[in-house]
Amino acid sequence: MRRLILAFFALVALAAPAAAQQPRSLDDFSHPGLWRAEASDGVSGTKRPFEGGLRLDYDFTRGSGYAFLRRELPLELPDNFELRFRLRGGGPANALEIKLTDSSGENVWWHRKADYVAPGQWQTIRVRRRQIEFAWGPTQDRTLRSAAAIEFVVAAGSGGGRGWIAVDDLEIVPLPEPPAVPPPIVARSDGGRGAAAAADGDRATYWTAPPGAAVDLDLGYLREFGGIVLRWGTQAFAADYDVSLSIDGHDWRPALALRGGDGDVDWLRMAESEARYIRIRPLRARSGLVSLGEIEVRPLAFGASDNAFIAAAAAETPRGIFPRGFAGEQNYWTLVATPAGGQSGVIDEDGAIEVGRGGFSVEPMIRADGNDWWWPDAASVQSLRDGDLPIPTVEWRGPGWRLAITAIAEPDRLVARYRLRNEAATRRTLRLMLAVRPFQVNPPQQFLATTGGVSPIRALAWRDGVLAVNGIERVRADRPPDTVRLYAFDRGPIGGAEVAIEDDRGLAYAWLGFTIALGPGEEREIALSLGLDGAALPIAPGEAARSEDAAAARWRTALGDVRIAGPAVARPALDTLRTALAHILATREGPALRPGSRSYARAWIRDGAMMSTALLRMGLSEPAIDFLEYYAPFQYPDGKVPCCVDARGADPVPEHDSHGELIHLVAQLHRYAPDDARAERMWPRVRAAADHIEHLRQSTRIPANRRGRNRPFHGLLPPSISHEGYSDRPAYSYWDDFWALTGLKDAAWLASDLGRAREARLLEARAAAFRSDILASLAAAQEVNRIGFIPGAADRGDFDATSTTIALSPAGEQHNLPPGALLATFERYWAEFVARRDGDRPWDAYTPYEWRNVGAFVRLGWRERAAEAFDFFMADRRPAPWNQWAEVVGREPRTPRFIGDMPHGWVASDYINALLDMFAYERSRDGALILAAGIPDHWLAGDGISVARLRTPYGLLSYTARAEGNRLRMSYRLEGRPPPGGLVLGLGGERRLAGLSGETEMILPPPGPTAATAQSGAPIR
Ligand SMILES: [Ca+2]
Ligand SMILES: [Ca+2]
Ligand SMILES: [Ca+2]
């Protein structure tokens, strides 16, 4: 039987290496007229013939964006192929994209080289079919079978600026498919014994040979692979060896030279390798002979990235040796930054600290009673300083000992405190081991803007008590460690008073060891000073405690003077209010409000406008003013407001919510922190954005949109991808329209306040006309899509209540919306919410932007429902004591996924705005300020709630409310001017409050069906 199988494999092997097929020319670029050059707004892109090819000159000077060469090129694509072209260019590192578009024009496949520096001389570039991925488009079938057009695109990367590329000789080469069943690998050697055992699939059988002999693997066909794994015999391993590759078994090329290996398992990453033969030649043995148990050939994925490589190694290593993020489990972390934001660290639930965005990390390990305690062994408990300040601590609890790890941000460095306590009744000696490792805390599946995972360390040096990482003295301790060991990946330790190593794989690491003798109950602290961007400042014993106190004082000052208090049951919610506020500040970069510090390290006007509202309500106007002053100048001359900006400038992708958001930001500042000079200075921008909105909305008021299925589009803003859910195809998103309507209304109000009566009338008229078009569109969209709720987009008829909340706040259109449709929308959201909460409906993940629905519930008068939704979302803080949400919350906490930033600043603002709505919101119908409409009954127990100096558009609001039995006692004071609709108590029915201050009593209705539920988060397992 065995013989038969081998014979079958032999046939396959003979059939597989079919003769390489001939290249077919697709374009020799002798007709430049077939190509057109284009660029996004604010970017220039021009073409010209160049050395027989075609050249694209681009200039990003005014922002980010892209430029491209494109031609129509109908192509039927074989099952496997390679695209080849010649390329040269000049300029900074930017993304090079080769895009193929199908005949619909909507489905795009691409090969993307991020931060690519084009070669100065002509070079042949090969792109294999497997390297061309589906990029976006509505198709369900993402297999690339044919193309209608091809583009060469330069998209702004880290370099931006100006530059050029030239392309020539575009060819396609059909390739054979790899055999479905790979032939067996055969090993031969020119010395030693038992060569076949090196590839027999049995790790316990060995090829044994003296150094100098070589073993060759024959893979059976020309094969692509990503690396190999060698498994050596105990003690009998090669410390030095070479790996070389061959296509034909005669000509060999060196692939890898390993020196100073540590035996056991050697993980060898060999990205994008292709060979039929692999040769291992041991040059030096640890002692005597070498014995090699197995050479394992790994697929391309193994070498695809540092992250894939480490994950593969972690998968075969005991849990704990690698961080949780590499061990196939989702980890959770929080931000460590100052109130001024900027460069930051993060710490994860297991106590690993990341030093700077994308930086290396420091991980603890405890050696006690002959055991090593890694993160899986220690029961970790997280906390924040005083329960609310973003100074996080992770405590490891071992038998008879505690290790508290606290991370503190100073402007240029992190201070890490490691407090080790002996809880045993006897004196004992413990060892604190701190590893400096080439891993971010931000895990490998994080891909946006900052790729998480490996943070290469190519060089480590220990000298004068300081550890230099990649040549910069980043790590200092407040006392000298008693041992220091430096390692290159897979290689043995190097120690001593002054040592240095290099690791060309970028995977070097260090251990700093501290031996600590502790009497019963005694505690000792080791502190590190960690340089965020540059060298770490010295740190003296005792300094870390002072640093923590100073950081706490800084935060208390930064969080302002709004005070909201409540009973113990409300404490997690109120602590989270202050933590969320702190996170908005901490996530900033200079004046830029950003949703995140890593994945979302850019400023969006969308997020920034809503974060500004949260800041203003909490009395922090300065950061909102700074943000407006920073962002407004990015407005384009035609009044268009870019959706997003970063250090490279504005992003030109049209997202039509942005214009209304900028106006709203100006208006909110004028409501909460009035300054006529600023408003006058901003007025031309407000007017230009309002005119741009008018221009956009007129563009769809065309005869074609008066009929049939197009009726819902009439008078709406054109389709855009502002909504994350519509990135596959631009949509007529009501989110954009309600933001634009907000902008027109705010512009009219601002004009009136600035005494521009004529402009105010014009803008009011535009807002009214736009509102009536939107309402007509809503009715038509319901009819066309046969739905009873308010859809997310007019063309999709989709359900998206979280986006519909914008119509209530900030648009203030609750009283203008068709009541039946409004109710149907949030009743459906409620029903789906309950089904999800109670486990009656499968779900995988959600975005906690859903906090906005809590604010909507309050406005709808659904106090009990608001409380239930509140409890559900509160329970998804991860870990709960850190008072934060990522952008994505998975149902299974340990299933790895992209979760965005943690904390996510925009979500933090949604939480703040929802919670503050529960205490006080402005009703759109009559301009009344509604107090306590969302306060759950159980928050009124004991001393009840008290609010002091909460900012409203009418002044500073303070009140107390508590229940005695069924009697509610309340006192209130508004320091400012009367709201148009007065002050109204919204708790259990409505009561108009007299004047701007006073006291009142009322009988509460019997409690609703919802009683107090646990506020603490579910434990993460
Ligand atoms: Ca040519
Ligand atoms: Ca073997
Ligand atoms: Ca090894």
Side-chain angles (χ1 to χ4, degrees), residues 23-35 47-56 69 71 73 84-88 122-125 152 165-171 184-189 192-209 215-217 227-241 243 256-269 278 280 282 284-286 289-298 309-310 312-314 316-318 321-322 487-494 501 503 505 507-509:
R24 178 161 68 88
S25 174
L26 298 176
D27 194 326
D28 65 1
F29 294 83
S30 54
H31 301 288
L34 292 170
W35 295 83
K47 63 167 185 174
R48 64 184 163 99
F50 181 79
E51 297 180 358
L54 188 63
R55 169 167 164 159
L56 170 72
L69 293 169
R71 70 159 287 188
L73 186 66
R84 282 183 202 166
F85 52 91
R86 296 198 308 137
L87 181 86
R88 65 170 288 198
W122 286 107
Q123 219 177 67
T124 298
I125 308 289
F152 290 90
I165 58 165
V167 278
D168 197 2
D169 295 335
L170 176 63
E171 298 176 331
I185 295 172
V186 177
R188 300 184 190 89
S189 71
R193 286 178 286 108
D200 63 356
D202 181 352
R203 292 174 185 174
T205 58
Y206 297 90
W207 168 62
T208 304
V215 60
D216 292 355
L217 294 194
I228 57 177
V229 176
L230 305 186
R231 299 183 184 275
W232 300 99
T234 318
Q235 300 305 319
F237 62 87
D240 300 344
Y241 56 91
V243 181
L256 213 147
L258 195 120
R259 301 293 179 262
D262 66 352
D264 190 19
V265 185
D266 283 357
W267 309 88
L268 304 175
R269 181 178 169 208
I278 301 174
I280 315 290
R284 182 170 68 88
R286 160 73 187 268
L289 301 176
V290 302
S291 49
L292 184 51
E294 209 59 26
I295 307 167
E296 297 166 2
V297 181
R298 294 301 173 95
F309 175 69
I310 293 295
E316 295 187 32
T317 308
I321 305 293
F322 285 92
Y487 297 77
F489 185 76
D490 240 356
R491 273 160 271 181
I494 296 176
I501 58 154
D503 183 347
R505 290 191 273 184
L507 295 171
Y509 58 101

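One-based numbering, in listed order, for ligands and for the atoms of each. As the structure is a computational prediction, the values presented were derived from the model and not from experiment.
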Thr205 N/O/S atom closer than 3.0 Å to the Ca ion (ligand 2): yes
Any Arg71 side-chain heavy atom under 4.5 Å of His31 side chain: no
Whether Ala204 has an N, O or S atom under 3.0 Å from the Ca ion (ligand 2): no
Close side-chain approach of Trp122 and Asp169, heavy atoms under 4.5 Å: no
Arg491 N/O/S atom closer than 3.0 Å to the Ca ion (ligand 3): no
Short N/O/S contact of Val265 with the Ca ion (ligand 3) (below 3.0 Å): yes
Minimum-distance atom from the Ca ion (ligand 3) among N, O or S atoms of Asp266: OD1
Carboxylate-amine/guanidinium contact Asp216 Arg188, below 4.0 Å: no
For the Ca ion (ligand 2): the N/O/S atom of Asp202 at shortest distance: O
Electrostatic pair Arg231-Glu316, nearest N-O below 4.0 angstrom: yes
Of all N/O/S atoms in Asp490, the name of the one nearest the Ca ion (ligand 3): OD1
Metal check, the Ca ion (ligand 2) vs Gly293 N/O/S, cut-off below 3.0 Å: yes
Glu294, N/O/S atom nearest the Ca ion (ligand 2): OE1
Residue Asp262 atom name (nearest to the Ca ion (ligand 3); N/O/S): OD1
Side chain to side chain, Asp168 and Phe50, heavy atoms closer than 4.5 Å: no
Any side-chain heavy-atom pair of Arg259 and Asp240 under 4.5 Å: yes
More than 12 heavy atoms of other groups within 6.0 Å of Arg193 CZ: no
Angular separation of OD1 (Asp168) and O (Asp28) seen from the Ca ion (ligand 1), to 10°: 80°
Whether Tyr487 and Tyr509 hold their rings parallel, tilted or perpendicular, with breakpoints at 30° and 60°: parallel
Asp200: its N/O/S atom lying closest to the Ca ion (ligand 2) (atom name): OD1
N/O donor-acceptor pair under 3.5 Å between Glu294 side chain and Gly201 backbone: yes
Heteroatom N/O/S of Gly52 within less than 3.0 Å of the Ca ion (ligand 1): yes
